[in-house]
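These notes concern the structure reproduced below.
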There are 2 protein chains.
Amino acid sequence: MKPHLETTDFDLSTFLPYLLNRAAEASSLEFQQYYRETYSMLRTEWRVLFHLWQYGNMTAKEICVRAGLHKTKVSRAIVALEQKRFIKRDKMAHDRRNELLSLTASGRKASIDLTQAAARFDASLVADFTPEEQVVLRSCLQKLSGI
Amino acid sequence: MKPHLETTDFDLSTFLPYLLNRAAEASSLEFQQYYRETYSMLRTEWRVLFHLWQYGNMTAKEICVRAGLHKTKVSRAIVALEQKRFIKRDKMAHDRRNELLSLTASGRKASIDLTQAAARFDASLVADFTPEEQVVLRSCLQKLSGI
DNA sequence: GATTGTTAGTTACATTAGAGACTAATATCA
DNA sequence: TGATATTAGTCTCTAATGTAACTAACAATC
């Protein structure tokens, strides 16, 4: 059986969700290896840590909204980060359902290290792209992400 | 604690692996819903089916290489697709370790339907982008994917 | 032609993710 | 005040994934 391009001019190698998935997986690999090996973190844990680092103390719920993550995923990441002593949580006085999350000293240290590693890694990913391409790429991705 | 942008000018909302992951998840959602509900397929199953449709009969190993998927994932997808009667497999005479995969009539039918749905969906994703942006986006993603 | 190595594909086990039920705290409003 | 509804976060059960060990077929070398 030969390829069936005659049905439509559709081509898998230009299908956006496919490309995005492959690019996401390929580009995550190296950095993921770093935070896994160095801090035994999962992807969601690093995202949660990073949100606290970059946007300041907040509740699990706020992280869900900002990061676009399901609350069970965030809940589990918080437990793991707390066990690693990277964050602590405090019930908020005026509404004891909310827990304010904040970084510990070692959480801040890890955040700094990971931020720097991420910045270097990001630069290496786009090293072959022109500045214009980089701008277009990031802005298209932001639109697609709904950020 | 306030944001700590002074440490570096790194910003999560421009970090490529993060953007790629969010864009990939967001853009997969709608199409995924279609093939899940209509054909009870998982993502890997649709990818395997589509590789056979677009590139012709091949072995599981070839699909692994072309699609960048692990052999266990492909193996499980093949079992599932076979149970749904979308593909069949035949041991190759000259080397009975290889199994040549091919589409059944209903596999072809599903492929056509999914291809058309994918094409429409892809068009809707990039509807807000200029033709130039679309070209840059896809070519950057292909490079990042190693395609 | 027995041993050793390699390759295609599967299986088994452990890890991670997802969906929905659940608990505790607060809010609403009759 | 008491009944009902919401909300933040956790727990439980199941589905999906990743890793590594495994089987079967073939290849190569002594």
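All values reported here derive from a predicted model rather than from experimental measurement. Below, chains carry the letters A, B, ... as their sequence lines are ordered, and counting in each starts from 1.
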DNA chain C-proximal residues of residues 32-39 of chain A, any heavy atom under 4.0 Å:
A:R36
Are the side chains of B:M92 and B:E99 in touch, meaning some heavy atoms are under 4.5 Å apart?
no
Non-neighbouring partners of A:R97 that pass side chain to side chain donor-acceptor pair (under 3.5 Å), sequence neighbours left out
A:D95
Do B:F129 and A:V136 have side chains that get closer than 4.5 Å, going by heavy atoms?
no
Could you report the tightest heavy-atom contact between B:K71 and B:C64, atom names first, then the distance?
CA-SG, 3.5 Å
If the condition is side chain to side chain donor-acceptor pair (under 3.5 Å), which residues does B:K84 pass it with, not counting sequence neighbours?
B:E45
Would you please name every residue forming a side chain to side chain donor-acceptor pair (under 3.5 Å) with A:E132, sequence neighbours left out?
A:T130
Of residues 86-100 of chain B, the positions that come close to DNA chain D - non-hydrogen atoms, cut-off under 4.0 Å
B:D95, B:R96, B:R97
Using the ring of B:Y18 (Phe, Tyr or Trp, six-membered ring only), decide whether A:R47 places NZ or CZ under 6.0 Å from its centre and within 45 degrees of its axis.
no
Taking side chain to side chain contact (heavy atoms under 4.5 Å, CB included) as the definition, give me every residue that meets it alongside A:S111, ordered by chain and number, with sequence neighbours left out.
A:L49, A:W53, A:L103
Residues that A:S124 engages under side chain to side chain contact (heavy atoms under 4.5 Å, CB included), provided they are two or more places apart
A:F121
Got a list of side-chain donor-acceptor pairs under 3.5 Å for residues 138-147 of chain A, not counting sequence neighbours?
{"unit_1": "A:R138", "atom_1": "NH1", "unit_2": "A:D122", "atom_2": "OD1", "d": "3.3"}
{"unit_1": "A:R138", "atom_1": "NH1", "unit_2": "A:D122", "atom_2": "OD2", "d": "3.0"}
{"unit_1": "A:R138", "atom_1": "NH1", "unit_2": "B:T14", "atom_2": "O", "d": "2.5"}
{"unit_1": "A:R138", "atom_1": "NH2", "unit_2": "A:D122", "atom_2": "OD2", "d": "2.9"}
{"unit_1": "A:Q142", "atom_1": "NE2", "unit_2": "B:S13", "atom_2": "O", "d": "2.7"}
{"unit_1": "A:S145", "atom_1": "OG", "unit_2": "A:L141", "atom_2": "O", "d": "2.6"}
{"unit_1": "A:S145", "atom_1": "OG", "unit_2": "B:A23", "atom_2": "N", "d": "3.3"}

So do the side chains of A:V74 and A:K61 get within less than 4.5 Å of each other, counting heavy atoms only?
no
In Å, rounded to the nearest 0.5 Å, how long is the span from CG of B:L137 to CG of A:L20?
6.5 Å
Applying side chain to side chain donor-acceptor pair (under 3.5 Å), can you list everything that pairs with A:E82, at least two apart in sequence or on another chain?
A:R89
Quick one: does B:F50's side chain get under 4.5 Å of A:F10's, heavy atoms only?
yes
Would you name the heavy atoms of A:R22 and B:R66 that are closest together and state the gap between them?
NH1-O, 3.0 Å
Outermost nucleotides of DNA chain D that come under 4.0 Å of a non-hydrogen atom of chain B:
D:dA16 to D:dC26
Contact boundaries on DNA chain C for chain A, cut-off under 4.0 Å to non-hydrogen atoms
C:dT16 to C:dT26
Of all of residues 66-78 of chain B, which get a heavy atom below 4.0 angstrom from DNA chain D, listed by number?
B:H70, B:T72, B:K73, B:R76
